[in-house]
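Take a look at the structure set out below.
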Amino acid sequence: MRLDKWLWAARFFKTRSLASTAVVGGKVRLNGLSPKPAKEVKPGDELQIRAGEQLWTVIVQGLCEQRRPAPEARLLYQETPESQQERERQAELRKVAPAPLADHKGRPTKRERRQLITFRQG
């Protein structure tokens, strides 16, 4: 089964195109190597997947040609304990110390812009 199709079926990426782009962009490693999207995946392969801020290290358990519901998709892989602990630790760090302006979207409002100007001057 193609790597990009497996990533899509296992619900790591919303579309197969996004999965393919991630593989080409070096966000996915197969058994420690940078593969192409058409590389064949088989049970027992180890994948390192960077999706957003999260890094997953999983072992392929099964193959599925169709995208199934999330509970069934989780049966296609097994996450390593180290990966799970690291993801939980990163989530805890994000709760304790969120990134500055992480909740801010787009351009500053007029009020926020004035506050920035006074902050820079004073």
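No experiment lies behind these values; they were computed from the predicted model shown.
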### Message
Using the rule given for side chain to side chain contact (heavy atoms under 4.5 Å, CB included), can you reason through K5 versus E65, listing the C-alpha separation, both sets of side-chain angles and the distance that settles it, and then say yes or no?
### Response
CA-CA 8 Å; K5 196 168 185 178; E65 293 290 326; 3.1 Å; yes

### Query
When you look at V96 and E92, which way does the side chain to side chain contact (heavy atoms under 4.5 Å, CB included) test go after all the steps?
CA-CA 6 Å; V96 173; E92 188 65 32; 3.9 Å; yes

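Inter-residue side-chain proximity for V58 and I49 is flagged as met; some heavy-atom pair is nearer than 4.5 Å. Residues R67 and R11 meet the side-chain proximity criterion, which asks for heavy atoms closer than 4.5 Å. Under the 4.5 Å side-chain criterion, counting only non-hydrogen atoms from C-beta, P35 is in contact with L3.
Rounded to the nearest 0.5 angstrom, K36 NZ and K39 NZ are separated by 10.5 Å. Rounding to the nearest 0.5 Å gives a distance of 7.5 Å between CD of Q121 and OG1 of T118. How far CZ of R68 is from CG of L75: 11.0 Å, rounded to the nearest 0.5 Å. Of the inter-residue distances, the one linking F12 atom CZ with Q54 atom CD reads 10.0 Å to the nearest 0.5 angstrom. Note that the CD atom of E86 and the CG atom of L55 stand 8.0 Å from one another [nearest 0.5 Å]. For the atom pair Q48 CD and T80 OG1, the distance stands at 8.5 Å (nearest 0.5 Å).
No side-chain donor from either of E88 and Q84 sits under 3.5 Å from a side-chain acceptor of the other.
Across all non-hydrogen atoms, the minimal contact from Q66 to A9 is O-CB, 3.8 Å. Residues M1 and L63 share a closest heavy-atom pair of SD-CB, 4.0 Å. The two residues P43 and Q61 make their nearest non-hydrogen contact at CB-O, 4.0 Å.
Judged by the 6.0 Å distance and 45° axis criteria, R87 is positioned over the aromatic ring of W56.
Under a hydrophobic-cluster definition in which Ile, Leu, Val, Met, Phe, Trp and Tyr are linked whenever side-chain heavy atoms come within less than 4.5 Å, directly or via other members, Y77 and W8 are assigned to different clusters.
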Which pairs of donor and acceptor atoms, one on a side chain in residues 16-33, lie under 3.5 Å apart (sequence neighbours left out)?
unit_1	atom_1	unit_2	atom_2	d
T21	OG1	S17	O	2.9
R29	NH1	S34	OG	2.9
R29	NH2	G32	O	2.5
N31	OD1	E46	N	2.9
N31	ND2	D45	OD1	3.3

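Counting non-hydrogen atoms of other residues, nucleotides and ligands closer than 6.0 Å to CZ of R94 gives a total above 12.
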